[in-house]
Amino acid sequence: MNGTQGILAGLVLLANSSHAESGVFENPRKDCVVLLHGLGRTACSMKRLEWALQKEDYRVINVSYASTHLSVQDAAAWLDGMLRMQTSDQVGKVHFVTHSFGGIVLRQYLTDRKIENLGRVVMLCPPNGGSELADKLRGNALYKFFTGPSGQQLGTDAFSVPRPLGRADYELGIIAGDRSLNPVFSAWIPGADDGKVSVASTQLEGMEDYLVIHHSHTWMPWRKDVSIAVSQFLKCGRFMQNDLFRSGSHQQQGIVKRMPT
């Protein structure tokens, strides 16, 4: 290899490295999965799912966005621009996996826009019915500082953005958690909850399948059984609970119940 060839090879390796670090992997003929993290999080919080889906041979897009500086509507506009840049050449289906607030951003986006090659959607602990925690903390200065404008939109009252967004008219699977690591927050949330969102609030009319798993809100995307369930729904449009049980006991895998619609 001469000097010029060595330089060119180095530039190619550098370009590939940059794509890997950004969480964007080029192959428009594969089905694509877009990961949307939650409020105050980054793409790092979705890394376990990114790695698992790459092993399933999906093209994965996992990028951070300024969730605490954007309203729900502005975050949906950001998503629109990002998808135009990253999926304009996409031949296969475009699937989505969201965590918490990311699910509300996607619902807002799909209310105003359509994706012709939209695939399946999996939402992890989304506050589809609004969050009682947001109701309780709305006037708190620290809450406002850490959650920004969108934190003021996630309640259950007349100012709620999630509640009026409407039913799902796409293939949707929802995974909720019922384990809390914060007893104070849970005391403000009626019924079973994951420490931030009630199980009841995660549900959405039109969903194809629904699973409650014994995990907490924050760490849901990092759980192995969650990544297995996500993969199952993206492939089959259902959570194949029996397959989850094969790799361990009920308690080990954390599965609580399946609630088909």
Side-chain angles (χ1 to χ4, degrees), residues 19-27 30-65 67 75 78-79 82-83 86-87 90 92-107 109 115 118-128 170-177 179 194-197 202 207-241 243-244 247-248 252-255:
H19 277 297
E21 290 175 1
S22 70
V24 179
F25 293 82
E26 300 300 333
N27 189 338
K30 292 182 180 180
D31 275 12
C32 169
V33 182
V34 179
L35 305 179
L36 290 176
H37 63 76
L39 185 61
R41 309 290 287 175
T42 69
C44 291
S45 68
M46 305 293 276
K47 276 293 180 182
R48 171 86 185 244
L49 287 168
E50 178 184 329
W51 297 330
L53 291 167
Q54 286 170 1
K55 289 180 181 179
E56 298 281 348
D57 205 32
Y58 289 104
R59 176 191 179 207
V60 180
I61 297 175
N62 179 26
V63 295
S64 300
Y65 63 102
S67 58
W78 166 84
L79 177 59
M82 187 273 287
L83 291 176
Q86 302 291 355
T87 66
Q90 183 67 32
K93 293 286 188 181
V94 178
H95 307 284
F96 289 86
V97 180
T98 69
H99 180 221
S100 191
F101 174 69
I104 308 306
V105 174
L106 179 61
R107 287 181 64 199
Y109 172 84
I115 300 177
L118 178 63
R120 297 183 171 119
V121 176
V122 180
M123 295 182 180
L124 309 180
C125 40
N128 285 320
Y170 42 87
E171 288 189 80
L172 171 64
I174 295 176
I175 302 176
R179 181 186 182 194
D194 62 10
K196 292 187 178 179
V197 177
T202 62
M207 61 185 179
E208 295 287 338
D209 208 353
Y210 186 81
L211 196 64
V212 181
I213 300 185
H214 193 54
H215 294 313
S216 63
H217 187 93
T218 300
W219 298 105
M220 182 76 74
W222 282 92
R223 301 308 182 192
K224 181 178 180 181
D225 48 354
V226 172
S227 66
I228 292 172
V230 166
S231 176
Q232 289 172 345
F233 191 88
L234 293 181
K235 290 178 182 177
C236 309
R238 302 290 287 177
F239 297 122
M240 309 301 290
Q241 187 168 330
D243 289 343
L244 293 174
S247 56
Q252 288 173 327
Q253 290 303 306
I255 302 298

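Please read these numbers as outputs of a predicted model, since none were measured by experiment.
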Once you measure the plane-to-plane angle for W78 and Y65, does it fall in the parallel (<30°), tilted (30-60°) or perpendicular (>60°) bin?
parallel

Give me the atom names and distance for the closest heavy-atom approach of [X] to [Y].
X: R59; Y: Q90; result: NH1-OE1, 2.6 Å
X: S64; Y: T42; result: OG-CB, 3.5 Å
X: S100; Y: G38; result: CB-CA, 4.4 Å
X: P126; Y: V197; result: O-CG1, 4.0 Å

Would you say the side-chain atoms of [X] pair up with the backbone N or O of [Y], donor to acceptor, closer than 3.5 Å?
X: H99; Y: H37; value: no
X: E171; Y: M207; value: no
X: R179; Y: I213; value: no
X: S227; Y: L49; value: no
X: S231; Y: I228; value: no
X: D209; Y: G173; value: no

Are L35 and L53 close enough, and set up right, to give a side-chain contact (heavy atoms from CB on, under 4.5 Å), and what steps lead you there?
CA-CA 10 Å; L35 305 179; L53 291 167; 3.9 Å; yes

Can you measure from [atom1] ([X]) to [atom2] ([Y]) and round to the nearest 0.5 angstrom?
X: M220; Y: S45; atom1: CE; atom2: OG; result: 13.0 Å
X: I174; Y: F239; atom1: CD1; atom2: CZ; result: 8.5 Å
X: T202; Y: I175; atom1: OG1; atom2: CD1; result: 10.5 Å
X: L83; Y: I115; atom1: CG; atom2: CD1; result: 5.5 Å
X: L36; Y: F101; atom1: CG; atom2: CZ; result: 10.0 Å
X: C125; Y: K196; atom1: SG; atom2: NZ; result: 9.5 Å

Heavy atoms of other groups near R48 CZ, more than 12 under 6.0 Å:
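For R48, atom CZ is crowded (more than 12 foreign heavy atoms under 6.0 Å).
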
Could you tell me which residues satisfy salt bridge (charged side-chain N to carboxylate O under 4.0 Å, His left out) with K93, sequence neighbours excluded, listed by chain and number?
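For K93, no residue satisfies salt bridge (charged side-chain N to carboxylate O under 4.0 Å, His left out) once neighbours in sequence are set aside.
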
Might you work through the side-chain contact (heavy atoms from CB on, under 4.5 Å) test for I61 and V94, ending with a clear yes or no?
CA-CA 10 Å; I61 297 175; V94 178; over 6 Å; no

Under 4.5 Å between any side-chain heavy atoms of W51 and V60, yes or no?
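Contact flag for W51/V60 side chains = no.
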
L234 side chain reached by V122 side chain, heavy atoms, under 4.5 Å
yes

Can E56 and K235 be counted as an ion pair, charged N to O under 4.0 angstrom?
yes

Step by step, would you call F233 with L211 a side-chain contact (heavy atoms from CB on, under 4.5 Å)?
CA-CA 11 Å; F233 191 88; L211 196 64; over 6 Å; no

Under the side-chain contact (heavy atoms from CB on, under 4.5 Å) criterion, do N128 and M123 qualify, and how do the steps go?
CA-CA 10 Å; N128 285 320; M123 295 182 180; 4.1 Å; yes

